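Worksheet: one structure, shown below.
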Protein chains: 2
Amino acid sequence: MIRFSKKVEYALMALKFISASSPRLVTAREIADKVNIPYDLLSKILQRLKSEKILTSTQGTHGGYILANSPDKIFLQDIMKAIDGDRALTECLVAGKEGECNLEESCSIKSPVSKLQKEVEDLFRTKTISDFV
Amino acid sequence: MIRFSKKVEYALMALKFISASSPRLVTAREIADKVNIPYDLLSKILQRLKSEKILTSTQGTHGGYILANSPDKIFLQDIMKAIDGDRALTECLVAGKEGECNLEESCSIKSPVSKLQKEVEDLFRTKTISDFV
DNA sequence: TCTAAATAGGACTTGTTTAGTCCGCTTTCC
DNA sequence: GGAAAGCGGACTAAACAAGTCCTATTTAGA
């Protein structure tokens, strides 16, 4: 059908791990080891989650990550957006890229695909990481 | 979020065009011109749709394509599968590839993702190309 | 105040996938 | 026999995803 990026998979596993360890701070190294994800890659992922306010971090020795919100307020959609950026079923449905399709005028499927897009979004918007336990 | 491949987009546009032209036979050349899709690429797509029994074709002069079924019996899921093959949100959810994930044992998100996969499938399984008018 | 442990983040490499092209074959009608 | 159509393998190029490398910064504690 349609695939998660590896990074999103890793993000979900990491978030679940952090959630399960709450309220303790968890380090990237610990997650990488326990969940078996390349450390450098995971670091990037956690940093993105932090910059999108899904995680908060503490630097320095004894630093680490912790959820920025309760698990039932962290939505799948936000996680995906944080990691992969804005996406949609088609390029022309991505906010800000509407005009870039050279089929624009003749496009015969825009409106039904747009409707489908909304339905997919509804699915992802309602899932939180507390569903991932 | 998550994206259609260009080929699936083209398939949808082509199928809609063929559906609208029914019961006339339509050539790949005509679709390519009207819908503005590279001819060679479109040919491949139509051939796959044919081999998956979504279209029937007639060879030779005055040949062309026509839907193999009524539009409301041609499901989005089948179109996507015909073009892109078996896919799922994660590799390990694709039938026949279950064992290939090295996180298998430790994977903490398999069951919730599997549930989500079913929900996404439900969405795609119920859509037909008659919804694309 | 030095060091170790942690996050932060840019730059790069590698591998895979997608999109698209090229070319020759077969089928069928006139 | 030739033109118009589908059939289909092999290839190329560009884009993207995944992963690596390296260096800086922050902080706690000896």
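Owing to the predicted nature of the structure, the values given are computational and were not obtained by experimental measurement. Throughout, protein chains are lettered first and strands after them, A, B, ... in sequence-line order, and every chain is numbered starting at 1.
- With D:dG19, D:dG6, C:dT21 as the candidates, the nucleotide lying closest to the side chain of B:Y65 is D:dG6.
- Distances from the side chain of A:T27 to the nucleotides C:dG20, C:dT7, D:dG19 place C:dT7 closest.
- Annotation: side-chain hydrogen bond (donor to acceptor under 3.5 Å, both in side chains) contacts of A:S19 (sequence neighbours excluded): none.
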- [ ] Take B:F132 and B:L15 through the side-chain contact (heavy atoms from CB on, under 4.5 Å) test and state the conclusion after the steps.
- [x] CA-CA 9 Å; B:F132 281 77; B:L15 286 168; over 6 Å; no
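- OP1 and OP2 of D:dG6 both lie 4.0 Å or more from every side-chain N or O belonging to B:K50.
- Side-chain N/O atoms of A:R87 include one lying less than 4.0 angstrom from OP1 or OP2 on D:dA17.
- One interatomic measurement links the two molecules: CG of B:L46 to C1' of D:dA5, which rounds to 12 Å at whole-angstrom precision.
- The two residues B:T128 and B:D72 come nearest to each other via the heavy atoms CG2-O, 3.3 Å.
- OP1 and OP2 of C:dG20 both lie 4.0 Å or more from every side-chain N or O belonging to B:Y39.
- For the residue pair A:S5 / A:D84, a side-chain donor-acceptor distance below 3.5 Å is found, with atom types taken as modelled.
- Rounded to whole angstrom, the span from the CG atom of B:L25 across to the P atom of D:dA4 amounts to 17 Å.
- The backbone N or O of A:L89 sits less than 3.5 Å from a side-chain atom of A:Q117, completing a donor-acceptor pair.
- Straight-line distance from the CD1 atom of B:I37 to the P atom of C:dA19: 12 Å, rounded to whole Å.
- Atom pair A:I45:CD1 and D:dG19:C1' shows a separation of 10 Å (rounding to whole Å applied).
- Within the structure, every pair that satisfies the side chain to side chain donor-acceptor pair (under 3.5 Å) test and touches residues 47-61 of chain A, not counting sequence neighbours, is listed here: A:K50-A:S57.
- Taking the side-chain hydrogen bond (donor to acceptor under 3.5 Å, both in side chains) definition, one finds that B:R125 meets it with B:D122, sequence neighbours left out.
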Which atom pairs link the protein and nucleotides 25-27 of chain C when you take only N or O atoms and keep those under 3.5 Å?
{"from": "C:dT27", "atom 1": "O4'", "to": "B:Q59", "atom 2": "OE1", "distance (Å)": "3.1"}
{"from": "C:dT27", "atom 1": "O3'", "to": "B:Q59", "atom 2": "OE1", "distance (Å)": "3.4"}
{"from": "C:dT27", "atom 1": "O2", "to": "B:G60", "atom 2": "N", "distance (Å)": "3.4"}

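- Side-chain atoms of A:S21 do not come within 3.5 Å of backbone N or O of A:R24 as any donor-acceptor pair.
- The nearest heavy atom of DNA chain C to B:F4 and to A:Q47 marks one nucleotide each, and the one closer to the 5' end goes with A:Q47.
- OP1 or OP2 of C:dA8 sits under 4.0 Å from a side-chain N or O of A:S57.
- Bending across the helix from C:dT1-D:dA30 to C:dC30-D:dG1, expressed as the angle between its end axes from five pairs apiece, amounts to 0° (10° rounding).
- Minimum heavy-atom separation, A:D78 to A:I54: O-CD1, 3.7 Å.
- Between B:S43 and A:K7, the residue anchored closer to the 5' end of DNA chain D is B:S43, taking for each the nucleotide with the nearest heavy atom.
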Every protein N/O lying under 3.5 Å from an N/O of nucleotides 22-24 of chain C:
{"from": "C:dC22", "atom 1": "N4", "to": "B:K44", "atom 2": "NZ", "distance (Å)": "3.4"}

